[in-house]
Amino acid sequence: MGTWNARTLNKPGALQYVLDAYNNYTIDILVVQEIRWPNSGNLKKDNITIFYSGTTSGRHENGVGFIVHNKTLPNIKTFSTFNDRICYIRIAGKIFDLIIINYYTPTEKKDEDIKDKFYEELERVYNTLPLHCIKIVVGDMNAKVGREHIYRPVIGPNSLHETSNRNGTRLINFAHSKSCIISSTYFSRKNIHKVTWKSPDRRTFNQIDHILIDGRFRGCIRNVRTYRGADADSDHYLVYAIFNLRLATKWNLEKRKPTIKYDIQKLNDIEINHNYIEKITHELQNNNINQINHSSEIDTIWNRTKGAVVNSATEILGIKPKVKNKNWFNDLCKNAIIRRNELRNKALQNTSNECLREYEEQRKLTNKVLRREKCLNEKKKIEEIEINRYNAKKFFKMTGEVKVGFKQQTRILVDGTGTMITEERQVINQFKEHFEDLLNRPSVG
């Protein structure tokens, strides 16, 4: 498990940074702060699913979420959002369920009333959770935890800081009131592996991202440390934790079968259209569709008709070749990021002004390349729309994609008990049950 303040995922290439680090460090669940996506929902990308909770006003501020690997996704029971700073997921375990609360605390300089209101909300969320579950509180807490002896049972002896700030005291009081311990300050590490945040001038280093766990299950967390090599163009480092928990076994997970699509554009050719009609007519005659008694089972009629159509389409039209999405994130972007990462690692080892200057220049150049390539990709899309203005199907499809932008797809449902359904077959069955109940209701009056 990991936690990371990414600063923002609302800029070109930002999500790719995080996913690259996610895959490099083999993380099952990554807890992310400052996503800065509005509203809440989930997003499927490659082998991961992103759950996020943002503002309801549409502003790109704050935001928290989880990045979950496909192998862990079937064990996710619920994802609950409260605001743009607090959300949690519940994971089915073999004996105890695991609840991970992700929260992003206001900074030390914020008004005390704002911080009081935030901790009241956090405490209210924590108190509503079942007592028998393993509860972990993770996130950017903007809290410096010290090494005061009076707090030693809660904080341990290995914090980066000598004394706690006001946010740190609030965090310690919250942990003590909930019988939790701060695991991130319990493990003995080099100071460079305790630092979670660095100032822009690289002169101030703090440990402000923490992991809390219910004291009864403190032995589940085996290790906590930061990895400076993970780069998301953020001033926070990745906090990595090894957590042992036996998840509930999910049997008979079906792999998604690829959808076969036929090249129906060939039907615009008069000769191919004529051959297809003749072929399907011949197939239907061979299957004796017209001679089947209407009292026969509907499945028999359907299977023969389907076979005639599929055989004719396969022979005359052929399978439509797969067209990969033209992603704007090309080799130029990858090379720019690789170069930036090299200079970043060099600056971590050698903090001279020259190394820092080279890194900052490459960082600006990388962001410029990413923005340019994304703009060029959008320009190419508009040119393709103009080229296909006489092809009504392609024209309206491409125009809709540009006009609507990102459209969230329904891949995850919640059943009547509030449990999340993530498997494709179960989602289909849920829709089937819903429409059977909806369409078979007795008429009124």
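For the numbers below, each heavy atom of this structure counts, side chains included, while hydrogens, waters and symmetry mates do not.
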### Query
Are any of the side-chain heavy atoms of Phe243 and Leu98 separated by less than 4.5 Å?
yes
### Task
Determine whether the aromatic ring centres of Phe79 and Tyr88 lie less than 6.0 Å apart.
no
### Task
Enumerate the residue pairs fulfilling side chain to side chain donor-acceptor pair (under 3.5 Å) with a member in residues 4-19, sequence neighbours excluded, ordered by first and then second residue.
Asn5-Glu34, Asn5-Asp140, Arg7-Glu34, Asn10-His60, Lys11-Asp233, Gln16-Asp20, Tyr17-Arg340
### Query
Should we count CD1 of Ile428 as having more than 12 external heavy atoms under 6.0 Å?
yes
### Query
Any side-chain donor-acceptor pair under 3.5 Å between Ser80 and Thr78?
no
### Message
Quick test of your reading: applying ring-ring contact (aromatic ring centres under 6.0 Å, His included), list the pairs with at least one residue in residues 115-149, sequence neighbours left out, ordered by first then second residue.
### Response
Tyr103-Phe118, Tyr126-Phe174
### Task
Ignoring hydrogens and angles, tell me if any N or O in the side chain of Arg202 forms a donor-acceptor pair with the backbone of Ser199 under 3.5 Å.
no
### Query
Can we say Asp235 and Lys198 salt-bridge, meaning some charged N sits less than 4.0 Å from an Asp/Glu carboxylate O?
no
### Task
Carefully, step by step, assess Phe205 and Asn191 under the rule side chain to side chain contact (heavy atoms under 4.5 Å, CB included).
CA-CA 10 Å; Phe205 299 91; Asn191 285 343; over 6 Å; no
### Side-chain touch Asn62/Arg36, heavy atoms, less than 4.5 angstrom
no
### Message
Is it the case that atom CZ in Arg152 sees more than 12 heavy atoms from other parts of the structure closer than 6.0 Å?
### Response
yes
#### Entry: Pairing of Arg363 and Glu360 as salt bridge, 4.0 angstrom limit
yes
#### Entry: Nearest heavy-atom neighbours spanning Ile99 and Leu129
CG2-CD1, 3.7 Å
### Message
What I want to find out is whether Arg425 reaches Glu423 closely enough, with some N-O distance under 4.0 Å, to be called a salt bridge.
### Response
no
### Message
Please confirm whether the ring centroid of Phe217 lies under 6.0 Å from the ring centroid of Phe96.
### Response
yes
### Query
salt bridge (Lys or Arg N to Asp or Glu O under 4.0 Å) with Arg170: which of Glu108, Glu120, Glu112?
Glu112
### Query
How about Trp328 and Pro12: do any of their side-chain heavy atoms sit closer than 4.5 Å?
yes
### Query
Taking side chain as C-beta onward, heavy atoms only, is Asn142 less than 4.5 Å from Tyr104?
yes
### Query
So how far is it from Thr72 OG1 to Ile67 CD1, rounded to the nearest 0.5 Å?
13.0 Å
### Message
Quick one, Thr185 and His210 - any side-chain contact, counting heavy atoms below 4.5 Å?
### Response
yes
### Task
Kindly say whether the aromatic ring centers of Phe51 and Phe66 come within a distance under 6.0 Å.
no
### Task
Begin with the C-alpha distance, continue with both residues' side-chain angles, and end with the deciding distance and a verdict on side chain to side chain contact (heavy atoms under 4.5 Å, CB included) for Val195 and Asn206.
CA-CA 5 Å; Val195 174; Asn206 290 328; over 6 Å; no
### Message
Using modelled atom types and a 3.5 Å cut-off, is there a donor and acceptor pairing between side-chain atoms of Thr419 and backbone atoms of Asp415?
### Response
no
## Note on the structure
Result for side-chain contact (heavy atoms from CB on, under 4.5 Å) between Ile48 and one of Asn70, Leu19, Leu73, Val68 points to Leu19
### Message
Is it the case that the side chains of Asn330 and Glu373 hold a donor-acceptor pair, with the cut-off being a distance below 3.5 Å and no angle test?
### Response
yes
### Query
Around atom NE2 of His161, are there more than 12 heavy atoms of other residues, nucleotides or ligands at under 6.0 Å?
yes
### Task
Output the distance between atom CD1 (Ile101) and atom CD1 (Ile86), rounded to the nearest 0.5 Å.
8.5 Å
### Closest non-hydrogen atom pair, Thr366 against Ala336
OG1-O, 3.2 Å
### Value rounded to 0.5 Å, distance of CG in Asp209 from OH in Tyr237
12.0 Å
### Summary
To the nearest 0.5 Å, atom CG of Asp214 lies from atom SG of Cys180 at 5.5 Å
### Task
Please indicate whether Ile114 has more than 12 foreign heavy atoms, meaning atoms of other residues, nucleotides or ligands, lying under 6.0 Å from its CD1.
yes
#### Entry: Ile181 and Ile155, any side-chain heavy atoms less than 4.5 Å apart
no
### Arg189 and Asn223: side chain donor to acceptor below 3.5 Å
yes
### Task
Report yes or no: does Thr351 contribute a side-chain atom to a donor-acceptor pair with the main-chain N or O of Ala347 at less than 3.5 Å?
no
### Task
For the residue pair Phe431 and Gln426, establish whether any side-chain heavy-atom pair is separated by less than 4.5 Å.
no
### Query
Would one find more than 12 heavy atoms of other residues, nucleotides or ligands at under 6.0 Å from atom CG of Leu438?
yes
### Query
When you look at His69 and Thr49, which way does the side chain to side chain contact (heavy atoms under 4.5 Å, CB included) test go after all the steps?
CA-CA 7 Å; His69 196 275; Thr49 300; over 6 Å; no
#### Entry: Salt bridge Lys346-Glu358, side-chain N to carboxylate O under 4.0 Å
yes
### Query
What is the distance from atom CD of Glu315 to atom OH of Tyr276, rounded to the nearest 0.5 Å?
11.5 Å
### Query
Just wondering, more than 12 heavy atoms not from Arg357 lying within 6.0 Å of its CZ?
yes
### Query
Do Ser164 side-chain atoms and Gly146 backbone N/O form a donor-acceptor pair below 3.5 Å?
yes
### Query
Can you tell me if Tyr22 uses its side chain to pair, donor with acceptor, with the backbone of Asp28 under 3.5 Å?
yes
## Note on the structure
On a heavy-atom basis, the closest approach of Leu9 and Ala14 is CA-CB, 3.7 Å
### Task
For the pair Lys381 (side chain) and Thr399 (backbone), establish whether a donor and an acceptor sit closer than 3.5 Å, ignoring hydrogens and angles.
no
### Query
For residues Glu123 and Ser177, is any side-chain donor paired with an opposing acceptor at under 3.5 Å?
no
#### Entry: Spacing of OG belonging to Ser159 relative to CD belonging to Gln207, to within rounding of 0.5 Å
5.0 Å
### Query
Do Asn345 and Glu342 have side-chain N/O donor and acceptor atoms under 3.5 Å apart?
no
#### Entry: Ile91 and Ile100, any side-chain heavy atoms less than 4.5 Å apart
yes
### Task
Indicate the atoms forming the closest heavy-atom contact of Gln33 with Gly139, along with that distance.
NE2-CA, 3.4 Å
### Query
Taking the side chain from Lys266 and the backbone from Leu317, do they hold a donor-acceptor pair closer than 3.5 Å?
yes
### Query
Are the side chain of Asn83 and the backbone N or O of Arg85 linked by a donor-acceptor pair below 3.5 Å?
yes
### Message
Check whether Asn167 reaches the backbone of Pro106 with its side chain - one donor and one acceptor, N or O, closer than 3.5 Å.
### Response
yes
### Query
Are the side chain of Thr226 and the backbone of His193 linked by a donor-acceptor contact shorter than 3.5 Å?
yes
### Task
Return the minimal non-hydrogen interatomic distance between Ile211 and Ser184, and the atom names on each side.
N-OG, 3.4 Å
### Query
Can a donor-acceptor pair be found between the side chains of Lys178 and Asn127 at a distance below 3.5 Å?
yes
### Message
Determine whether Val427 and Ile412 satisfy the following criterion, side chain to side chain contact (heavy atoms under 4.5 Å, CB included), listing intermediate values before the conclusion.
### Response
CA-CA 7 Å; Val427 171; Ile412 298 176; over 6 Å; no
